[in-house]
Number of protein chains: 2
Amino acid sequence: MDVDTRLLRSFATVAEEGNLTRAAERLYLSQPALTKQIRQLESQLGAVLFERSKHGMALTGPGEALAAAAPAVLASWDTARRAVRAADAEASRVLRVSFLASAANEKTQPIIAAFRERRPDWRVELRQAGWGDPVAGLVSGDVDAGFMRLPFPRQDEYEVLPLLTEPRCIAMAANHPLAQRESLTMADLLDEPFIAAPAATGAFRDHWIAADARGGRPVRIGAVTEHPDDWLTAIANGDGIALAPASAARYYARPDIAYRDISGVAPSEVALVWPKGAGASGPLADFIAAAAALAD
Amino acid sequence: MDVDTRLLRSFATVAEEGNLTRAAERLYLSQPALTKQIRQLESQLGAVLFERSKHGMALTGPGEALAAAAPAVLASWDTARRAVRAADAEASRVLRVSFLASAANEKTQPIIAAFRERRPDWRVELRQAGWGDPVAGLVSGDVDAGFMRLPFPRQDEYEVLPLLTEPRCIAMAANHPLAQRESLTMADLLDEPFIAAPAATGAFRDHWIAADARGGRPVRIGAVTEHPDDWLTAIANGDGIALAPASAARYYARPDIAYRDISGVAPSEVALVWPKGAGASGPLADFIAAAAALAD
DNA sequence: GACATCCATAACCACAGGTTATCGATACTG
DNA sequence: CAGTATCGATAACCTGTGGTTATGGATGTC
């Protein structure tokens, strides 16, 4: 009998959440679809995995057994994928690097150029990461390294090489009243709605709404976005304002968006990030060295 | 990224076979369907797994990596299934036992009755196994124990409790010329086609074509069957003759099939079989004890 | 030169698996 | 106690995945 690992992930989510509706949300599925998935898994296994009640879904004995065993299956699959990816990188001479928004700004190209000098037969493939789960690609092995903004979720599980620091500014719709002013402080913005990253990103989200500079005052969230495009649109729409690295004014200049200086918020730091242990040798080591040589 | 373990099994088969067409046959699929599966797996992983040529499919580097890692994934899934099955058996009080053809003949019912005395609240569920892969259910955990004929594939990976020994006879179409004779020897049968088990069963197949009693003479295979029904039909059809346990004359008596004594072939042995370590305690231990008490 | 072998492609079909809308049952809540 | 929110199941519907047969093109083989 076979399974789609997807069913296992769904199952794990339901087991954890104890509630179909909420699990469905987390999985970006409708609740009936998830109902079907769980029923399918149960019929494939020939065992009842959950006790349904008005209070939600509770694991049965067999359900507990699966909940205990499923992570090992998923982990072994992740391992397999990483192995394939590593072999593929070796064979096709491609180093995959994820980046967030403007990556390392003006340093991005020089770093890649420096790497190509060390490894002329290799290519670097950049792929954009959403800020919903910026390290996703690193976990799964889809990507060898990433240009990240600090802090990011589960940062201590990775090696981090800081590259540059830049001040942050504030982005808002061009017709926003505050856009009249040349420069602002956090005090001016305490009542404004902010465009934020998904709640799951924890410290990352907090950093970009400057939670520490609000003196405990709660934030109004005007919209939640995952990618630069949604983010820009939301700002231009007037859904809220947002903190941004100063370089955004160069890389994301638009007539309907104004960027203004702001005082009293910590700067933003860009780093190169890779899984612990992976950077010891091979092309990734050269990429890291190239980046280190160009770091501030 | 997710996979269906099915794709992994297909992949493993192609890798092993080195040939799409033959792998498709083994998987009971059309060749284009298998082509699609492999392409899908490749696109999901973003890596080329095979080098296609006129000589077949050869693994690439990433392909080798996956071939090395896939068995672990499949094994962990099998483990998970066994865990679920065990918990389910515990919860629903069902012991599942597979059997081959006539199981343990007249001992089957007494063994089950003796088990029920020890575990009155448990049920025994018997399910027929094909001889294509008689231990399949044990590997996957679908079944807790099985009544088997010795020898069977990978026999040393299981615990084996011999239950009874019976002579073998020869089965043939009722209108077969040799059916006139009361008793036969292997020498009479050397030119006859035999009905055999699938080639993958190795020693099991050899045992039932009495490969060791032919003095090295090759066998003609009249048909390959997996189940008693096909087997009986093939014999009645005149596709060939077949060795059978003597009890077949009782359990599979048909007007169009004749069973005759044969000398010079080893007897057949029936045993109870279960995964190593599983019989130490719990209901399976009681079932084993019940069987042991009734063994010859 | 005819043929066999092997993988890819095309055209087609069924159904798995998703969606929205709705239901029935239960537990909070004012 | 009525009204409402919550939870999972069900129905009706639609699309895309994944199967099938038939066929093609390339390359060895007798």
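These numbers were taken from a predicted model, which means no experiment stands behind them. In what follows, every chain begins at residue 1, and chains take the letters A, B, ... in the order their sequences are listed.
In this structure, B:K36 places its NZ atom 12 Å from P of C:dT9, rounding to the nearest Å. Taking atom CG on A:L29 and atom P on D:dG8, their separation rounds to 14 Å, with Å as the unit. Per the geometry, CG belonging to A:L7 stands 8 Å off P belonging to C:dG18, to the nearest Å. Regarding A:E25, its CD atom lies at a distance of 13 Å from the P atom of C:dT20, rounded to whole Å.
Taking every heavy atom of both residues into account, B:P134 and B:A129 meet most closely at O-CB, 4.0 Å.
Phosphate proximity of D:dT17 to B:R6: absent, as no side-chain N or O sits under 4.0 Å from OP1 or OP2. In this structure, A:Q37 reaches the C:dG18 phosphate: one of its side-chain N or O atoms is under 4.0 Å from OP1 or OP2. At least one side-chain nitrogen or oxygen of B:R52 sits closer than 4.0 Å to the OP1 or OP2 atom of C:dA8. Here B:T35 does not reach the OP1 or OP2 of C:dC7: none of its side-chain N or O atoms lies under 4.0 Å away. A close approach under 4.0 Å does occur between a side-chain nitrogen or oxygen of B:R39 and OP1 or OP2 of C:dA8. Not one side-chain nitrogen or oxygen of B:H55 sits closer than 4.0 Å to the OP1 or OP2 atom of C:dC6. For B:R22 and C:dT5, the shortest distance from a side-chain N or O to OP1 or OP2 is not below 4.0 Å.
Between B:Q37 and B:L34 there is a side-chain heavy-atom pair separated by less than 4.5 Å. Residues B:R82 and B:T79 form a side-chain contact, since some pair of their non-hydrogen atoms from C-beta on lies under 4.5 Å apart. B:S76 is not listed as a side-chain neighbour of A:W77, based on a closest heavy-atom distance of 4.5 Å or more. Counting only heavy atoms from C-beta outward, the side chains of A:Y252 and A:I257 never approach each other to under 4.5 Å.
At a non-hydrogen distance threshold of 4.0 Å, nothing from residues 11-21 of chain A comes into contact with DNA chain C. Using a 4.0 Å cut-off on heavy atoms, none of the residues of residues 58-66 of chain A approach DNA chain C.
Residue pairs satisfying the salt bridge (Lys or Arg N to Asp or Glu O under 4.0 Å) criterion with at least one member in residues 216-239 of chain B, sequence neighbours excluded, are listed as follows: B:D191-B:R217.
Proximity note for B:K54 (side chain, C-beta onward) versus C:dG18, D:dT27, C:dA21: the nearest is D:dT27.
On a pure distance criterion of 3.5 Å, no polar donor-acceptor pair joins the side chain of A:Q40 and the base of C:dA16.
Judged by distance alone, the side chain of B:E90 and the main-chain N or O of B:R85 form no donor-acceptor pair under 3.5 Å.
Defined by atom type and a distance below 3.5 Å, a donor-acceptor pair is missing between the side-chain atoms of B:E64 and B:T60. Using modelled atom types, one finds no donor on one side chain facing an acceptor on the other under 3.5 Å when comparing B:Q31 with B:T21.
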